[in-house]
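Here the structure is a predicted model, which is why all the values come from computation and not from measurement.
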Amino acid sequence: MKFVLEKEDKSVIEESVYQNYLTALLAGRRSECHNIVQSLLHDRTEIKELYTGLFQKSMYKVGELWETNRITVATEHLATAITEGLLNLVYPSLFETDRVGKTAIVSCAANEFHQIGGKMVADIMELNGWDTHFLGANTPCEDISAHIEQVRPNVVGLSLSILSNIDTLRHCMDVIKSDFPNMHMFVGGQAFRWGGLEVVKQYSGAEYLPSLLALERAIKQR
């Protein structure tokens, strides 16, 4: 299966810049990736463009290469670690937006150790003025529910990167819907490029978001 971004998600970042970044990322050249991001920030590239046209796009490609056994787990882990470090370069700018008085909890379910997609979701929501609680990877469903009880968010976001974890996601959604029947949920992640959408459709108030730009549209409507 070939992964592509949706037409509406086409990046303003030049393809040559993306390809240079991807090559450096797969080779583990951290400093080169850092310099590319710094150059884009210097050129006043919008943060959401960095997230969609560079970070998300490259990590989807890394995921594709890993899923099809064209790179090793070590390479995938290295690319993820570099990307997480680069996200910190733009982190301070996320909070310059005026707050909108809405809160979200974003998490990965139990047995889901790929947290970078969830972190980008939380960051984009912060960029749009939301206050987010990012719970990270491998969070037990019952603990997510307990945090919902404490925070009482407007929405809960769940990220799934590996399709084999779909039953864990289903259990988490069952727990949340049992404890909070009216809670709206955003669900997304690279896993759904392989399947699993039928699971999300079984839950009222659950919305599948295929991209960060789709996320941004959804939260602006709420």
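Between the side chain of T52 and the backbone N or O of K48, at least one donor-acceptor pair lies under 3.5 Å. Looking at D179, its side chain never comes within 3.5 Å of a backbone N or O of S145 through a donor-acceptor pair. Judged by distance alone, the side chain of R170 and the main-chain N or O of N165 form no donor-acceptor pair under 3.5 Å. Checked by atom type and distance alone, the side chain of N20 pairs as donor or acceptor with a backbone atom of S16 at under 3.5 Å.
W66 and I162 make their closest contact through CZ3-CD1, 3.4 Å (heavy atoms, listed as atom of the first residue, atom of the second, distance). The shortest heavy-atom contact between G136 and S107 is O-OG, 3.7 Å. Summarising the geometry of E207 relative to A218, their closest heavy-atom pair is OE2-CB, 3.9 Å, with the distance given to 0.1 Å. Taking all atoms of both residues into account, the shortest heavy-atom contact from S211 to A214 is OG-N, 3.1 Å. The two residues A110 and T168 come nearest to each other via the heavy atoms O-CG2, 2.8 Å. Of all heavy-atom pairs between L127 and S93, the closest is CD1-O, 4.4 Å.
In the hydrophobic clustering of ILVMFWY residues, with side-chain heavy atoms under 4.5 Å counting as a link, L89 and L212 come out together. Side-chain heavy atoms closer than 4.5 Å link hydrophobic residues (I, L, V, M, F, W, Y) into clusters, and following such links, even through other members, never connects V73 to F113. Put simply, Y91 and I116 are part of the same group of oily side chains (I, L, V, M, F, W, Y) that touch within less than 4.5 Å, one to the next. Residues V175 and V151 fall into different hydrophobic clusters, defined by Ile, Leu, Val, Met, Phe, Trp and Tyr side chains chained together at heavy-atom separations under 4.5 Å.
In this structure, D167 CG and N111 CG are separated by 10.5 Å, a value rounded to the nearest 0.5 Å. Atoms OG1 and CE, from T83 and M120 in turn, are 7.5 Å apart once rounded to the nearest 0.5 Å. Separating the OG atom in S159 from the CG atom in L209 is a distance of 11.0 Å, to the nearest 0.5 Å. Once rounded to the nearest 0.5 Å, the distance linking CZ of F192 with CG of L197 reads 6.5 Å. Rounded to the nearest 0.5 Å, atoms CZ (R30) and CD1 (I82) are 5.0 Å apart. We find the CD1-OG1 distance between I148 and T103 to be 12.5 Å, quoted to the nearest 0.5 Å.
The closest side-chain donor-acceptor pair between Q202 and E198, if any, does not fall under 3.5 angstrom. Between N128 and E216, the side chains place a donor N or O and an acceptor N or O closer than 3.5 Å (distance only, hydrogens not considered). Between the side chains of Q190 and S161, no donor-acceptor pair of N or O atoms lies under 3.5 Å.
In this structure, E76 and T72 have side chains that are not in contact, with every pair of non-hydrogen atoms separated by 4.5 Å or more. Between Y203 and D174 the shortest side-chain heavy-atom distance falls below 4.5 Å. Between L158 and F186, the closest side-chain pair of non-hydrogen atoms is not below 4.5 Å. In this structure, the side chains of Q19 and E14 stay at 4.5 Å or more apart for every pair of heavy atoms. For the pair I105 and T132, the minimum side-chain heavy-atom distance is 4.5 Å or more. A 4.5 Å side-chain heavy-atom check between L40 and E49 finds every atom pair outside the cut-off. Counting only heavy atoms from C-beta outward, the side chains of E149 and F180 approach each other to under 4.5 Å. The closest side-chain heavy-atom distance from I176 to C172 is below 4.5 Å.
Under the 6.0 Å distance and 45° angle rule, K57 counts as a cation-pi partner of Y18.
Salt bridge status for D123 with K119: present, with a side-chain N to carboxylate O gap under 4.0 Å. In summary, E64 and R193 do not engage in a salt bridge, as defined by a charged side-chain N under 4.0 Å from a carboxylate O. Under a 4.0 Å N-O distance rule, the pair D131/K102 does not qualify as a salt bridge.
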Stepwise side chain to side chain contact (heavy atoms under 4.5 Å, CB included) test for Y21 and L86: CA-CA 12 Å; Y21 174 83; L86 293 173; 3.3 Å; yes

Candidate pair L22 and K61, rule side chain to side chain contact (heavy atoms under 4.5 Å, CB included), full reasoning: CA-CA 9 Å; L22 178 64; K61 184 61 178 180; 3.9 Å; yes

Trace of the side chain to side chain contact (heavy atoms under 4.5 Å, CB included) decision for V106 with L135: CA-CA 6 Å; V106 179; L135 306 185; over 6 Å; no

Verdict with supporting geometry, V156 and H184, side chain to side chain contact (heavy atoms under 4.5 Å, CB included): CA-CA 6 Å; V156 173; H184 193 84; over 6 Å; no

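Within the structure, ring-ring contact (aromatic ring centres under 6.0 Å, His included) contacts touching residues 123-143 (residues at least two apart or in different chains) are H133-H147.
Legend: residues meeting side-chain hydrogen bond (donor to acceptor under 3.5 Å, both in side chains) with Q38, ordered by chain and number and at least two apart, are absent. With sequence neighbours left out, R222 forms a salt bridge (Lys or Arg N to Asp or Glu O under 4.0 Å) with no residue at all.
Other residues, nucleotides and ligands contribute over 12 non-hydrogen atoms within 6.0 Å of the CZ atom of F95.
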